[in-house]
Every structure is written in C-alpha cells, then in structure tokens.
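Below is one structure, written out as structure tokens; the observations come after it.
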Amino acid sequence: MPPTLAADEGAKMAFDDTLTRRQLLKGAVVLGAASAVGGPVLAACGGGGETTEPSPTAAGAPKKGGHIMSGVSGGSAKDELDAHTAYRTVPQIAMQWQLYDALLGFDPEHKLINLLAESYEASDDAVVHTVRLKSGLVFHDGKPVTADDVVFTYKRILDPKTNASGADQLSDLSASGIKKLDDLTVRFTLDRPNAVFWEALAFFPNAIVPVGYSPRVGEGLIGTGPWVMKNYVPGERADFTANPDYWGEGPFADELSMIQFADATARLNALIDGQVDHIELVEPAQVPIIESNSDLVLLQAKSGGWKPFTMRIDQKPFDDVRVRQAMRLIADREQMISHALSGYAWLGNDMYAPFDPGTPDLPQREQDLEQAKSLLKQAGYDNNLTVELITSDAVGSGMVAAAQVLAEQAKGAGVTVNVKNVNADIFYGTDYLKWTFAQDYWGTRNYLPQTTLVTRRKAPYNETHWRDDEWEKIVDEAFATVDDGKRNDLVAAAQNIEHERGGLIVWQFNTLLDAYRDTLGGVIPDTWGQSACKSRYNLMYFK
C-alpha cells in the first residue's frame, strides 16, 4: 500500500559546536518509525527526551509576548541563509528552521507529519507522487503559497547552478517531471520507482520558497516559517519578529534573537548571568554546573545522530575485511562513551539508522582483543600494524578524546594508532573523503536515504569508499519496493552485509543537551535535533 497523508491532525511542532561540514547535508531531517508497516501516519507531537516539558496546550494557554534570547554556537562571517544552500554550520541550520518550511516533516517522536502539505499520495508503482498544499498559506511578504511556488522551488533545487544541498536526494527526479495540476496541487513523476520519495519531500533544505526567490545576505529571506528576519549579522547574531500569519503553533513570544558564541563556556556564562534564556550544545562537563543552579533546567534528547570512525576499504590495511572486523572488535564502546562523552551518548553497533523500522536486531558487537589479534594475524599483521587516525574538534565535542581512547584500546591488540588532530579547514578541506582512517559526523536518517549520501556507488560522501555488488543490488531493490514489510526485509538484509564487512565503526549515538532558565516554558526535547529542542523557539514562552 503506498504511503498516504491526510490533512494534518494537529499543529506543527515546530551537531556539535563549530563547523559540521564544509560540504552540505550532514545533519538532515530525521525519518523515523512512522514509516513502519502500514505507511506513514500523522501524529501530534510529544516529548522524546529524558527531561520533558509539557506542550503549551497541555499546560494551558501560554503567555504571549516577550523577547527570547538564545545562545547558539559560533558561525562564520561568510554564512548566509539561502533556504537551499545554507546548510554548512549549526547556527545556519537553526536559523533556517525559523524562516522556512518543507512540504512534509517529522515530529519529535519520529512521526511523519504534514507541514505545508494538506495531503500526499504515491502511486502503486512508486513513480507518481502527488502533493496538495494547505489552503490559506502565505509567505512572509503576504504572497499566497501556490503550486507555482512548489514547482519553482524544486526546479531551483535541481538546477546545478544552485548547488542545493537537497539535490542529491532528488536523483530520481528530473525538472520535466514536476507538474502543476491546479493552484494547490503538484505531481512529481520520477524517472524510476522510489518508494521512499516522501523522505526527500520532508528533507528540510527542500523548503518551499516563492517564485523568483533570490536572497542576499540578510535580505530576501522569504519563507513560511514562524519567524520573520529582522536583522542578520553573519557569524554574530540574527534577530527575528513573530510571523503573524504563521500557519502552525505559535510563536508565543514577540521577538527572537539568536546570539552566536564561539565556545560552550561563553554560552553557559551568558545563561548563568541572565544574558540569554536558552543555550544549545551543552558540554557534558558542564552538566554539574547546570544541575547545581536552581534557576537552570537541563534538557536531554536521545538522538540518532552518529559520529563514526571511517575506514577506507579500498586502501591498505582496511582493504582486508579481517582488519576492518578486528578494528571493530578493538573498540570498547562503553569505555569511549564514558571517557570521551561523560556517559552522554547511547551504544552503537556499527550500523546507522537506529530508528529505521527495517533495522534488524543484530548481536551487539563488544570488545574482543584476542579475536581481533587472531584476525589481524590471519591478515598478515602480528603485533606490527600501525595506522594514522585523522581527527578534529570540527567533528564534534569529545571526538578527539574518543580517538585517543581508541588508540589506547588498540595497544591491547598490538596495533599502534597515531592520532593526528587537524583543524576544521584541513579536515573538511580538499582531503576530506580521502582520509584512510578518520572520523565524521552524521545526523539522524533512515537507512535508505543515508545510503544515498554515504554508501551507494554514486553517494557524494562515501567516506569509506564502500563498494559491494551484492549489497548494492539489495538496496536498489529496496528503493523500488512499495510494500513496507518487504522493503523492511531488504533493509535488514543490506544492514547485515554492512554490519559484517563494512568500513564504519559506529560506536555511539548522540545524547543532545540544552539548558534554559526556569522562567521559560515550552522547551520540548526532540530526537532528531542538532540541539536537544531542535531550535523550536515558536513553542517557547515566558511563564
């Protein structure tokens, strides 16, 4: 049965520090458990983290008014907020969320919901996908949102000159396949079947913009989001006013300012001193300070974001599957989580997409140094393997420490790991995707869209240079399989192959931490996020 979304049943609810990618796409929108057998369904949003806050409607009508001040991570003076290209730094992403909306989206508990779409339907062969807009939608400039804007948006994304971050997820779509049926309806006819095309419609950088959209820094940033841009100084701050025509819930405050701080200590000090009401990306080491202050609240969210070690399977020594298996057996994941992340993460098992309904229940891989030494000896390395591991603070907080912990663990298997810490410009520079052994960062996705970006043959960010004909055939079949159960079985088969002979060491999934003053309400955890609340300022209010 093809996935179908009816009218929205509820209101929209509405990665580590520094640069997450010189490239794009690294912290994409979650696809969650709503895609299990039976197809996507709509659901009202609720809390998804360890520290929860009731929704404003559950606690009674929130107060109106006020100016929310939020401390966010540092960016660059070169940042810009084009809806389709500005997906490079954490603050850019958070600021985009205030301005724009996609057709579909996800709530904090991984349920697929309609955003600008009134309905979505796919044909039985997964080639034709039809979206109908909600009526009465308007852009920030008062212009009605129509099918013409959707057509313009997707043609702009597909145009190579745009260099849009969402284009890679639209590889099955040509510009000629986008047709307006009436003022509110658009039909996408794909070049080949794609049973999960709706994931591209829900990818946030595929946000809808008006015909003729051509933004400049701080100007022309027209969308349908809960906030309207008032002032933007790249690398320093963004100021917004509430969108009076917003179609979803809130905003409850009158104004929002996102102040950029270069480091986590400065953000926390600003919160303690009352300069800001909320901060994102709290460091685990800062948790005791927050918990000891009765004016502050810690927000936690269990995310599917992951920071793997990456082994190139086309270069020695990792071209031998026994070496890759050995390195996975060297890793004491719980120790790395404890020492590098102060326990604020959850256990990984060398596969991404933990929330995918097709993810199999694989035996947890644990440290086994004797088996690792045996495999290495079979591969010709008898206490004499030396490798260089490239790391960077740009990958995320605690990742350099994790590299150092892995290097210590490797000594137990007779492996010397030389850790080389480089800056962001080098790590994500011209040699990115060329490192033989390195680390990286990815946000939460389901399995198939993640393969499009990182493991399929033409994936733009294939860090491990993964190539496997048997696996590729299964994944291709999964994309073309409409039946959810059969597709989930194929996903499980593909994951089993990657778990056995892939080039990723997935040792953890992120636990995200925010903090806020207890005068602020409506701060709700989100299991996707780049921050624990996914920067949902439209839901926040002053008590």
Side-chain angles (χ1 to χ4, degrees), residues 8-14 44-49 51-72 81 94-101 105 107-108 113-116 134-145 221-232 237-259 270-271 273-280 295-297 299 301 514-526 529 531-543:
D8 202 344
E9 297 173 353
K12 175 203 175 190
M13 307 287 283
C45 298
T51 303
T52 61
E53 172 85 20
S55 70
T57 53
K63 292 181 181 179
K64 291 275 193 176
H67 187 162
I68 297 171
M69 305 287 289
S70 181
V72 302
L81 297 178
M95 291 169 188
Q96 281 182 295
W97 278 334
Q98 315 314 315
L99 296 169
Y100 308 106
D101 295 298
D107 74 8
I113 57 174
N114 288 328
L115 299 184
L116 300 185
K134 293 174 179 174
S135 61
L137 297 171
V138 296
F139 288 107
H140 293 155
D141 60 0
K143 176 187 175 295
V145 181
L221 303 174
I222 304 299
T224 58
W227 301 92
V228 180
M229 180 59 72
K230 178 182 178 181
N231 175 63
Y232 178 47
R237 66 184 292 153
D239 301 296
F240 306 85
T241 57
N243 177 7
D245 298 316
Y246 183 52
W247 57 271
E249 188 170 3
F252 300 112
D254 296 323
E255 296 183 78
L256 165 67
S257 291
M258 300 173 69
I259 313 300
L271 181 68
D273 294 341
Q275 299 174 35
V276 297
D277 308 295
H278 162 270
I279 61 172
E280 64 174 16
D295 294 329
L296 305 182
V297 181
L299 185 75
D514 285 10
Y516 60 97
R517 302 191 68 79
D518 64 0
T519 54
L520 199 62
V523 189
I524 297 173
D526 188 289
S531 72
C533 70
K534 199 181 175 183
S535 305
R536 298 172 182 273
Y537 301 107
N538 59 302
L539 298 183
M540 297 181 188
Y541 58 92
F542 291 99
K543 298 178 181 178

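For K64, the salt bridge (charged side-chain N to carboxylate O under 4.0 Å, His left out) criterion is met by no residue, not counting sequence neighbours. Take D239 and apply the salt bridge (charged side-chain N to carboxylate O under 4.0 Å, His left out) test, not counting sequence neighbours, and it matches R237. Applying the salt bridge (charged side-chain N to carboxylate O under 4.0 Å, His left out) test to K143 and every residue at least two apart in sequence or in another chain returns D149.
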Exercise for the section: Kindly indicate, with the supporting measurements, whether the criterion side chain to side chain contact (heavy atoms under 4.5 Å, CB included) is fulfilled by L520 and K543. Expected result: CA-CA 6 Å; L520 199 62; K543 298 178 181 178; over 6 Å; no

Practice task
Tell me, with the steps shown, if W247 and D101 meet side chain to side chain contact (heavy atoms under 4.5 Å, CB included).
Solution key: CA-CA 10 Å; W247 57 271; D101 295 298; 3.1 Å; yes

Exercise for the section: Take E255 and F240, measure what side chain to side chain contact (heavy atoms under 4.5 Å, CB included) needs, and give me the verdict at the end. Expected result: CA-CA 6 Å; E255 296 183 78; F240 306 85; over 6 Å; no

Practice task
For side chain to side chain contact (heavy atoms under 4.5 Å, CB included), just list the numbers for N243 and W227, CA-CA rounded to whole Å, side-chain angles, deciding distance to a tenth of an Å, and then say yes or no.
Solution key: CA-CA 5 Å; N243 177 7; W227 301 92; 5.9 Å; no

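Rounded to the nearest 0.5 Å, atoms CZ (F252) and CD1 (I68) are 10.0 Å apart. The distance from the NZ atom of K230 to the OG atom of S257 is 7.5 Å, given to the nearest 0.5 Å. Once rounded to the nearest 0.5 Å, the distance linking CD1 of I259 with CE of M69 reads 4.0 Å. Atom CG of L81 and atom OH of Y232 lie 4.0 Å apart (nearest 0.5 Å). How far CE of M540 is from CG of D277: 9.0 Å, rounded to the nearest 0.5 Å. The structure places CG of D141 at 5.0 Å from CD1 of I222, a figure rounded to the nearest 0.5 Å.
Taking every heavy atom of both residues into account, A94 and S535 meet most closely at CB-OG, 3.4 Å. Across L221 and H140, no two heavy atoms sit closer than the pair O-ND1, 3.8 Å. Heavy-atom minimum distance, V523 versus C533: CG1-CB, 4.2 Å. Here the shortest heavy-atom pairing between A242 and P244 reads O-CD, 3.2 Å. For the pair L299 and P525, the tightest heavy-atom approach, listed with the atom from each and the gap, is CD1-CD, 3.8 Å. Contact between K534 and D526 at its shortest, heavy atoms only, is CD-OD2, 3.6 Å.
Of the N and O atoms on the side chains of Y100 and T224, not one donor lies less than 3.5 Å from an acceptor on the other residue. Of the N and O atoms on the side chains of H278 and D514, at least one donor lies less than 3.5 Å from an acceptor on the other residue.
S70 has its side chain within reach of Y537: a pair of non-hydrogen atoms, C-beta onward, lies under 4.5 Å apart. Side-chain atoms of I279 and Y516, non-hydrogen and from C-beta on, never get closer than 4.5 Å to each other. Taking the side chain as every heavy atom from C-beta outward, Q98 and L256 approach each other to under 4.5 Å. Two residues are said to be in side-chain contact when any heavy atoms from C-beta on lie closer than 4.5 Å; L116 and K134 fail this criterion.
With R517 contributing its side chain and L271 its backbone, the two residues share a donor-acceptor pair below 3.5 Å.
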